[in-house]
Amino acid sequence: MFPIQTASGIGDALFFAPFALLGIAILGFGAVAVYLDHKKEMALIESGQYADADRDSRAWVLGGGLLLLALGLGSVVSSFLSGGLGAVGEGVTAVFVGLAALAYYFYKRRAAAATAAV
């Protein structure tokens, strides 16, 4: 086994190889997801069912709300773990904006379901 601090640099390469492989795997997964989505849309277009595919225009609100909620909670938790009991910063604001976006999404989803049922 090579120590990490070698003069030839092979130890550094062996240390960073898993991180590079993880990055390549993430990019590969994203490429496969995009390819499969493209293939699905092409199949819908060829079968004439593309116009029937219902797209939710509120999906960006759900994604943004979840992202802000996660970022805010991460900031608040990190502030508490670092010992800053009084200085939470903008983490609380991000949490409340995320919760507001999620509440808006679920309210609009319920309203859309109520109008579709009538």
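Atoms considered below: every heavy atom in the structure, side chains included; atoms not considered: hydrogens, waters and symmetry mates.
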*Please name the pair of heavy atoms, one in Gly65 and one in Ala101, separated by the smallest distance, quoted to 0.1 Å.*
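Here Gly65 and Ala101 meet closest at CA-CB, 3.6 Å.
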
Is [Y] reachable from [X] through a run of hydrophobic residues whose side-chain heavy atoms are each under 4.5 Å from the next?
{"X": "Val32", "Y": "Phe29", "value": "no"}
{"X": "Tyr104", "Y": "Val97", "value": "no"}
{"X": "Leu73", "Y": "Tyr105", "value": "yes"}
{"X": "Leu67", "Y": "Val95", "value": "no"}
{"X": "Leu69", "Y": "Phe106", "value": "yes"}

*For Lys40, what residues pass the salt bridge (Lys or Arg N to Asp or Glu O under 4.0 Å) criterion, not counting sequence neighbours?*
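Testing Lys40 for salt bridge (Lys or Arg N to Asp or Glu O under 4.0 Å), a comparison that skips the adjacent residues, returns Asp37.
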
_Can you list everything that forms a ring pair (Phe, Tyr, Trp, His ring centres under 6.0 Å) with Phe19? Sequence neighbours excluded, please._
Phe15

